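None of these values were measured; they are calculated from a predicted model. Proteins come first, then strands; the chains are lettered A, B, ... in the order of their sequence lines, and each starts at number 1.
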Amino acid sequence: MSQADTVVILDFETTGLSPQQWDRAIEIGAICIRNGEIIDQFQELMNPGFRIDGFIESYTGISNSMLAKAPCCADVMRKFSNFIGDYNLVAHNASFDKNFLDAELGRISRKYSGNFACSMLAARRLYPNAPNHKLGTLVEYANIPIDGVYHRALDDSKMTTGLWLAMLKEIKRRYDRTDIPFSLMQKLIKTPKKKVSQLLKN
DNA sequence: TGCCAGGCCCTCTTTAGGGCCTT
């Protein structure tokens, strides 16, 4: 598989909002797509080494007893590092997932060299009239079949994948394009809303 | 372990403030 046409769409469940505040990953889910087709997936719970609070148990459905049986973060992240290789990456509100990915890989002295793109920033430009740009709202807004439950890593990565593919399809339809390279999506999320049409028409 | 983030984006902006989005 070439680096350019393969993308990994990932989602972390974590103990909180910030690895800088001692938060850790507790689950990683990811879907690998190539040329718009799902070709692989990854899902693992990981034990952060301490008990998670009741809010996170309730929010994710991941319990302390489930995590007690799970491998440690280092073991899972080594496997996940091999899974993502140097492929480009996508996440919903990517700054959050990138922060945890960098932190967890940093703990095992690993890095990745792919580029990151954000489905939320892309959706803000392509679907400015959506009620809001939460993943669940956008899945409904774009008529994407719901696959699983929200706030579990693999299911959220599946729905983010559906959203990503729907946006690629929408750009093709709206701007009569046949090919949408990852680099164009990266440009899109950095383009002011008023200049989106200008970018995608070229 | 035991704290409460941070990047993006809009506007009543840029010498700033606040909402959105992620767990």
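B:dC10 and B:dT14 are spaced 13 Å apart, taking the C1' atom of each and rounding to whole Å. Rounded to a whole angstrom, the distance from the C1' atom of B:dG19 to that of B:dT13 is 15 Å. Separating the C1' atom of B:dG17 from that of B:dC12 is a span of 10 Å, rounded to the nearest Å. The C1' atoms of B:dA5 and B:dT23 are separated by 11 Å, rounded to the nearest whole Å. B:dC4 and B:dC8: their P atoms are spaced 24 Å apart (whole Å).
Look at A:Glu37 and A:Arg34 and you find no salt bridge, because none of the NZ, NE, NH1 or NH2 atoms lies under 4.0 Å from a carboxylate O.
Evaluation of the side chain to side chain contact (heavy atoms under 4.5 Å, CB included) rule for A:Leu165 yields A:Ile33, A:Thr161, A:Leu168 as partners, not counting sequence neighbours. Taking the ring-ring contact (aromatic ring centres under 6.0 Å, His included) definition, one finds that A:His133 meets it with nothing, sequence neighbours left out. For A:Phe12, there are no ring-ring contact (aromatic ring centres under 6.0 Å, His included) partners, not counting sequence neighbours. A:Asp23 pairs by the side-chain hydrogen bond (donor to acceptor under 3.5 Å, both in side chains) definition with A:Thr15, not counting sequence neighbours. By the salt bridge (charged side-chain N to carboxylate O under 4.0 Å, His left out) test, A:Glu140 pairs with no residue at all, sequence neighbours left out. The ring-ring contact (aromatic ring centres under 6.0 Å, His included) check on A:Tyr141 picks up A:Tyr127, with sequence neighbours excluded. Contacts of A:Arg24 classified as salt bridge (charged side-chain N to carboxylate O under 4.0 Å, His left out), with partners at least two apart in sequence or in another chain: A:Glu104. Remark: A:Ile146 pairs with A:Val139, A:Tyr150, A:Met159 by the side chain to side chain contact (heavy atoms under 4.5 Å, CB included) rule, at least two apart or across chains.
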Under 3.5 Å between N/O atoms: give me all the protein pairs with nucleotides 19-23 of chain B, atom names plus distance.
unit_1: B:dC21; atom_1: OP1; unit_2: A:His133; atom_2: N; d: 2.4
unit_1: B:dC21; atom_1: O2; unit_2: A:Asn93; atom_2: ND2; d: 2.8
unit_1: B:dT22; atom_1: OP1; unit_2: A:Leu135; atom_2: N; d: 2.8
unit_1: B:dT22; atom_1: O4'; unit_2: A:Asn93; atom_2: ND2; d: 2.9
unit_1: B:dT23; atom_1: OP1; unit_2: A:Asp156; atom_2: OD2; d: 3.4
unit_1: B:dT23; atom_1: OP2; unit_2: A:Tyr59; atom_2: OH; d: 3.1
unit_1: B:dT23; atom_1: O3'; unit_2: A:Glu13; atom_2: OE1; d: 2.6
unit_1: B:dT23; atom_1: O3'; unit_2: A:Thr14; atom_2: N; d: 3.1

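Under the 4.5 Å side-chain heavy-atom criterion for Ile, Leu, Val, Met, Phe, Trp and Tyr, A:Leu105 and A:Met46 are members of the same hydrophobic cluster.
Heavy-atom distances under 4.0 Å link DNA chain B to no residue of residues 61-73 of chain A. Of the residues in residues 183-194 of chain A, those placing a heavy atom less than 4.0 Å from an atom of DNA chain B are A:Ile189, A:Lys193, in numerical order.
Contacts classified as side chain to side chain donor-acceptor pair (under 3.5 Å) and involving residues 38-55 of chain A (residues at least two apart or in different chains) are given here: A:Glu27-A:Gln43, A:Glu44-A:Lys79.
At a threshold of 4.0 angstrom between heavy atoms, the contacts of A:Arg51 include nucleobase atoms, whether or not backbone atoms are also involved.
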